[in-house]
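Just below is one structure, and these are the notes that go with it.
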Amino acid sequence: MEESYEGLADAGALTSRGLQESFLCSYFMEGVFMPIHNADIAAVLEEIADLLEIENANIFRVRAYRNASHILQELGKDVRTMVEQADDLTKLPGIGDDLAHKIQELVETGHCTMLDKLHQQLPATVTELLKIPGLGPKRVRALYHELDIRTMEQLQRAVRNHRIQTLPGFGEKTEMRIADALAKHAADMGRFNLAVAAQYAEPLASWLRKLPGVQQVVVAGSYRRARETVGDIDILITAAPNSQVMKRFCSYDEIAETLSQGPTRSSVVLKNKLQVDVRVVRPESYGAALHYFTGSKSHNIAIRRLGRAQGLKINEYGVFKAGARVNGETEESVYQLVGLPFIPPELREDRGEIEAARDGRLPRLIELSDLKGDLHVHSKASDGHDTLEAMAQAARQHGLEYLAITEHSSRLAVARGLDPVKLAKQIDMIDCLNEKLPDITLLKGIEVDILKNGKLDLPDWILGKLDLVVGAVHGSFGLSRARQTERILRAMDHPHFTLLAHPSGRLIGKRESYDVDMLRIIRKAKERGCYLELNANPKRLDLVDIYCQIAKDEGVLVSIDSDAHSVFDFDNLRFGIGQARRGWLARQDVLNTRPLEALRPLLRRTM
DNA sequence: GCCGTTTTCGGCCCGACTGTTTTCAGTCG
């Protein structure tokens, strides 16, 4: 499992950009209050932790900063608002007087005195060097103090001149490794979309299952937690001792490079640049190892801490008391020993799941089989690839009872969007099909463009003939937060508006979310009796997890839709379910788990 | 720097692999 504290990428509007210089400068522009997001503060705390670690500070002090950074990233509340309301920040776990003051300073001034002081000792750029695998704080410190290396470019030059291997503690191999890592860093080995990773992980797992001596094979790590992107693939294998499984694994045809290889643990890079870590344990350690290898890191730390308080030591081999193994054969046994019920992998982010488990508040998470319909699909009539009838049959094969046909509207010309006349024709077609198809009901819908001014791209007379109206933003992504939010709120005020599709507009790894106040949108949905979509397309997975959780808390139903453009796209629903589970959603929190007769009244606006 | 069913001081999650060592530090997961 990748070990950097995660969550930024999942945080939607809490974008992953750090606290950039330009942002700091513009924080207090004349008369304009620039927002500071939790992610920005978290980035500062993370940088302080990096710098302190390079300066060889007490590791627990470093950990306190990292921990606080993590807390802010995962916090469902806006810290800026908390400061403005004079809330007591020390009530947050891991935040004491000192960190509370630093956070307050950041919110109020956009600066952190301590970070400024650290920058006088160490240039900000050295923390970049930590991103090179093989370079940790100690080596970065040596590189800076001994060779005055502070940037990637300087590191590159030192490698070329073979100056690295002259340093004590460094050798020829280390230098070569750094050279290698630098080349890869330049090639930008990013994270893999979950759906892409699945295409490599699942065949590899199947191949491993056929090896002699292998008993169980599970893809663990962030993949098992259904994160929208994964940095690597973690595979747990149980096998009898002395089986040659690791040796055999390293002969897998797709491996481009072996990073490390031991009897119980190996890391390789596949030809597509995806890193795979494999761990082999004995069957009696299966549960403890699976728990350990599923992560997240912060969840594991919290669980070990709980165990420790009860005199237990938890590692990947089992749960131990006074040196004697107590259990660990199943994940359930690990949780049981620390006094908790089983926590589903998707919740294991140290985001309140442990407290919820302790208090018996864990939701019974939604499953794929709970879905009764899909409220957002396309056919050949706009930019889909298959006929209405083919889409209906495919939906039926996926166990769905109803399917809303929601073509694009005319504004989206590139997608051959429908004008009122064409839409009227499709409405008639759907009526005919519904008489013909016995096992599934087609609903009449549209994915109508929300125009820049918040109006909908089709006239009311035609919208009024539909079962549901799915609104979506497909352009003018660059509006200010205020204007973008107003645009969407206005659309939701429309009496025919039912459902907001892909609410943040992001494309994972390709396009950031547009800047929008999602909390206001969620509250508007509650007020107006409409819904938010969780788009199951693995490139979108939008609504993101923390906003699913907030929608649930605010009492707004989420609709998990495939946005299918072909009969194959219904398979994507499983990714939507993964994200929904990460967002704590249960069956009752999801609109399209309702059978058709229960759904229909919910689609009719009463306000 | 944080925190308290052992505690306001003394702890703080745990182990594998590599390279440069000659018993272990550094890094990573």
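Heavy atoms only: backbone and side chains are in, while hydrogens, waters and symmetry mates are out. Protein chains get the first letters and strands the later ones, always in sequence-line order, with residue 1 at the start of each.
No hydrogens or angles were tested; on distance alone, nothing pairs the side chain of Tyr292(A) with the base of dG15(B) as donor and acceptor under 3.5 Å.
The minimum heavy-atom distance linking Val159(A) with Ala179(A) is given by the pair CG1-CB, 3.5 Å. Between Ala197(A) and Phe192(A), the closest heavy-atom pair is CB-CB, 4.4 Å.
Comparing the C1' positions of dT21(B) and dT27(B) gives a spacing of 16 Å, expressed to the nearest Å. Of the P atoms belonging to dC14(B) and dT6(B), the separation is 16 Å, rounded to the nearest Å. dT23(B) and dG19(B) have their C1' atoms separated by 13 Å, given to the nearest Å. dC28(B) and dT22(B) are spaced 23 Å apart, taking the P atom of each and rounding to whole Å. Annotation: dC3(B) and dT8(B) have their C1' atoms spaced 9 Å apart (nearest Å). Look at the C1' atom in both dT20(B) and dC24(B): the space between them is 9 Å, to the nearest Å. Here the separation of dT5(B) from dG1(B), taken at their C1' atoms, is 23 Å to the nearest Å.
The pair Glu228(A)-Arg582(A) does not meet the salt-bridge criterion, since no charged nitrogen lies less than 4.0 angstrom from a carboxylate oxygen.
Among the atoms of the strands shown, only primed sugar atoms or phosphate atoms (P, OP1, OP2) are found under 4.0 Å from some heavy atom of Thr264(A). Using a 4.0 Å heavy-atom cutoff across all strands shown, Arg61(A) reaches at least one base atom of the nucleic acid. Counting any heavy atom pair closer than 4.0 Å across all strands shown, Leu306(A) reaches no nucleic acid atom. Note on Ile303(A): nothing from the nucleic acid sits closer than 4.0 angstrom, heavy atoms only. Residue Arg177(A) is out of contact with every strand shown, counting any heavy-atom pair closer than 4.0 Å.
If Val62(A) and Asn315(A) are placed on DNA chain B by their nearest nucleotide, the residue sitting closer to the 5' end is Val62(A). Along DNA chain B, the nucleotide nearest Ala309(A) and the nucleotide nearest Asn58(A) are compared for position; the residue whose nucleotide lies closer to the 5' end is Asn58(A).
At a cut-off of 3.5 Å, with distance as the only test, no side-chain donor of Glu53(A) or Tyr65(A) sits close to an acceptor on the other residue. Under the 3.5 Å distance criterion, with hydrogens and angles disregarded, a donor-acceptor pair is assigned to the side chains of Thr229(A) and Arg191(A).
Nucleotide dT27(B) holds its P atom 18 Å from the CG atom of Asp277(A), rounded to whole Å. Here the P atom of nucleotide dG15(B) and the CG atom of Asn300(A) are 13 Å apart, to the nearest Å. Between the CD1 atom of Ile164(A) and the P atom of dG19(B) there is a distance of 16 Å, given to the nearest Å. To the nearest angstrom, C1' of dC14(B) lies 10 Å from CZ of Arg279(A). Atom CD1 of Ile59(A) is separated from atom P of dC14(B) by 15 Å (rounded to the nearest Å). Look at CZ on Phe293(A): it is 10 Å from P on dG29(B), rounded to the nearest Å. Protein atom CD1 of Ile301(A) is 9 Å distant from nucleotide atom C1' of dC14(B), rounded to whole Å. In this structure, Asp180(A) places its CG atom 15 Å from C1' of dT18(B), rounding to the nearest Å.
Here the nucleotide nearest the side chain of Asp98(A), chosen from dC2(B), dG26(B), dC17(B), is dC2(B). In the set dG1(B), dG29(B), dG26(B), the nucleotide with an atom closest to the side chain of Leu99(A) is dG1(B). Distances were taken from every side-chain heavy atom of Pro263(A) (C-beta onward) to each of dC17(B), dG29(B), dA16(B); the shortest belongs to dC17(B). Closest to the side chain of Lys138(A), from the set dG26(B), dA16(B), dC2(B), is dG26(B). Distance from the side chain of Lys313(A) is smallest for dC14(B) among the nucleotides dG29(B), dC14(B), dC2(B). The side chain of Pro137(A) lies closest to dT27(B), out of dG29(B), dT18(B), dT27(B).
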Distances for protein N or O near nucleotides 20-23 of chain B N or O, under 3.5 Å:
residue	atom	partner	partner atom	Å
dT20(B)	OP1	Gly171(A)	N	2.8
dT20(B)	OP1	Gly171(A)	O	3.4
dT20(B)	OP1	Glu172(A)	N	3.4
dT20(B)	OP1	Thr174(A)	OG1	3.2

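Figure legend: Arg325(A) and Tyr317(A) shown without cation-pi pairing, the cationic atom not lying both under 6.0 angstrom from the six-membered ring centre and within 45 degrees of its axis. Note that Arg348(A) lies in the cation-pi zone of Phe342(A), set by a 6.0 Å cut-off to the ring centre and a 45° limit from the axis.
A 4.5 Å side-chain heavy-atom check between His162(A) and Glu172(A) finds every atom pair outside the cut-off. Residues Arg80(A) and Asn38(A) have side chains not in contact (no heavy-atom distance under 4.5 Å, counting atoms from C-beta outward).
The aromatic rings of Tyr252(A) and Trp207(A) lie tilted to each other, with the angle between the two planes from 30° to 60°.
Contact annotation: Gln261(A) does not reach the phosphate of dA16(B) (side-chain N/O to OP1 or OP2, under 4.0 Å). Considering only side-chain N and O atoms, Lys102(A) lies under 4.0 angstrom from the phosphate OP1 or OP2 of dG1(B).
Nucleotide dT8(B) forms a pair with no other nucleotide shown, judged by Watson-Crick or G-U wobble geometry with both contacts under 3.5 Å.
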